[in-house]
2 protein chains.
Amino acid sequence: MVKPKRLSRSCVLRLELYLEIIEQFQKEGRQYVTSSDIGSALGIAPGNVRQDLFGLGSAGRPKVGYEVTRLIALIRDLFDLDREKPACIIGFGNLGRALAGSNMWSRGGYKLAAIFDNDPSIVGTDFAGLRVRSIAEIFGVIKTQGIEMAVITVPASAAQEVADIVQNAGVKAIWNFVPVRLNMPETVAVENQSLAWGLITLSHRTRPAQ
Amino acid sequence: MVKPKRLSRSCVLRLELYLEIIEQFQKEGRQYVTSSDIGSALGIAPGNVRQDLFGLGSAGRPKVGYEVTRLIALIRDLFDLDREKPACIIGFGNLGRALAGSNMWSRGGYKLAAIFDNDPSIVGTDFAGLRVRSIAEIFGVIKTQGIEMAVITVPASAAQEVADIVQNAGVKAIWNFVPVRLNMPETVAVENQSLAWGLITLSHRTRPAQ
DNA sequence: TAGATTGTTAATCGATTAACAATC
DNA sequence: TAGATTGTTAATCGATTAACAATC
């Protein structure tokens, strides 16, 4: 189950879609799916699907298709979704709260393990069994709980400072919702989730003809 | 200022980054930027920057660089950011509230013009001068206010139904935060913002070596 | 002038699509 | 068997990178 070749970002994106749709097929009770089943559900050419799965080390059977359980296991393994990785949220405003309450954590193989904020009126309150902690505790809690990922939803002025702290504490990944380019070593995986991008893209795509 | 050629998604993404960084340069008082300035700030090859700007119909001056104000105007025009387009949010839970309060609207050239929810305890309350309206009013309000874009943050079970309504009302774009594939005609631009994707990507990128 | 930087073409690289033999 | 579907190679397409003459 070694996977030496680096997958392109677009291939990763497709595989995420495949997983989603295949799990849906599974819910419907199907045991096998074909590349056309997957492709037509997603608007992707079946050959493209086959080649992606081929790179994954698939094992489809001509005329039958791919075994659903095996395919799901392969993709979940590739994405490391079955290991519950501790994560934290830093910045517990509206967005932090929304993310904390979302069901995305388990889908991504993470577990929300700590929440931090620097507002004294929030620190100490409870959310889903977690006590909101002060910013000063970030380093220690990440270390002792082995937190691997930090979601950053603080004001722009504090983002780099917070990122430095979590990086020093040994976090491997940062999900950055702040519209600021974080300066981080290559060892930390940073995913920028600038919300304005989605809007700008839509604005572009619906721009009136001139 | 006609732009016949279709830009690739990655090119659009880069141009969004350029805009961001160029506006930052502008704040610092600079009048000209070179392709290397932009490229090195973003980790993109300067030749790539030049080619993108070339496709935009740029007008740089050898040895001097590109005029900041002109470049900003070109990109903002391309993305149609200077026309304030009315938008609405449907589903006013934590996420809807977080998005409503974000400063992304003006950056994307939109203006939050209406909020909808079906919870009677929320309908009628105020948020930033807007009265939260009931789901039943969606069609009429979109029509009368000329709303062009709808942000959908409702439960998964209601997403398709809501999308159908806004599409019938004439919305041109949907920003879908629900992890559900919406069935929409090609005339509607749909941007899926599945939050789990960011997590899965990070999980993949930090997967322990095997 | 000399040096820096653009505009733009050509070369490379990678990803997608087409195709079809292998196989169940 | 015949037909459907995979595995896998080759062809195409597009995007990135390299390169360099033009120019300020």
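So that the names make sense, note that chain A is the first sequence line, chain B the second, and so on, each numbered from 1.
Applying the 6.0 Å contact sphere to CD of Gln145(B) captures more than 12 heavy atoms from other residues, nucleotides or ligands.
Looking at residues two or more places apart in sequence or on another chain, you find a salt bridge (charged side-chain N to carboxylate O under 4.0 Å, His left out) between Arg83(B) and Asp80(B), Glu148(B). Among residues two or more places apart in sequence or in another chain, the ring pair (Phe, Tyr, Trp, His ring centres under 6.0 Å) test is passed with Phe177(B) by Trp175(B). Among residues two or more places apart in sequence or in another chain, the side chain to side chain donor-acceptor pair (under 3.5 Å) test is passed with Asn103(B) by none. Ser8(A) meets the side chain to side chain donor-acceptor pair (under 3.5 Å) test with Ser10(A); sequence neighbours excluded. In this structure, the side-chain contact (heavy atoms from CB on, under 4.5 Å) partners of Asn94(A), at least two apart in sequence or on a different chain, are Arg97(B), Ala98(B). Every side chain to side chain donor-acceptor pair (under 3.5 Å) that Thr201(B) has, sequence neighbours left out, goes to Glu16(A). Partners of Glu137(A) according to the side chain to side chain donor-acceptor pair (under 3.5 Å) rule, which considers only residues two or more places apart in sequence or in another chain, are Arg133(A).
Near DNA chain D, meaning a heavy atom under 4.0 Å away, there are no residues from residues 24-35 of chain B.
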Show me, pair by pair, the donor-acceptor contacts under 3.5 angstrom made by side chains of residues 150-158 of chain B, not counting sequence neighbours?
residue	atom	partner	partner atom	Å
Thr153(B)	OG1	Ile90(B)	O	3.3
Thr153(B)	OG1	Gly91(B)	O	2.5

Quick test: give all pairs of protein nitrogen or oxygen and nucleotides 7-14 of chain D nitrogen or oxygen below 3.5 Å, distance rounded to 0.1 Å.
residue	atom	partner	partner atom	Å
dG7(D)	OP1	Gly60(A)	N	2.7
dG7(D)	OP1	Gly60(A)	O	3.3
dG7(D)	OP2	Ser58(A)	OG	3.3
dG7(D)	OP2	Tyr66(A)	OH	2.8
dG7(D)	N7	Arg50(A)	NE	3.2
dG7(D)	O6	Arg50(A)	NE	3.3
dG7(D)	O6	Arg50(A)	NH2	3.0
dT9(D)	O4	Gln51(A)	NE2	3.1

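For the ring pair (Phe, Tyr, Trp, His ring centres under 6.0 Å) condition, no pair includes a residue of residues 9-68 of chain B, sequence neighbours left out.
The side chain of Ser36(B) contributes no N or O atom lying less than 4.0 Å from OP1 or OP2 of dT6(C).
A stem is defined here as three or more consecutive Watson-Crick or G-U pairs, each with both distances under 3.5 Å; for DNA chain C these stems are C:3-24 with D:3-24.
At whole-Å resolution of the value, CG in Leu7(A) and P in dT16(C) are 11 Å apart. Across the protein-nucleic acid pair, Glu67(B) atom CD and dT5(C) atom P stand 17 Å apart, rounded to whole Å. Put simply, CD1 on Ile44(A) is 13 Å from C1' on dA15(C), counting in whole angstrom units.
Between Lys63(A) and Asn48(A), the residue anchored closer to the 5' end of DNA chain C is Asn48(A), taking for each the nucleotide with the nearest heavy atom.
Across all strands shown, Arg9(B) has no heavy atoms under 4.0 Å from either base or sugar-phosphate atoms.
Side chain of Asn48(A) to main chain of Ala45(A): no donor-acceptor pair is present (N/O by atom type, distance under 3.5 Å, no hydrogens or angles).
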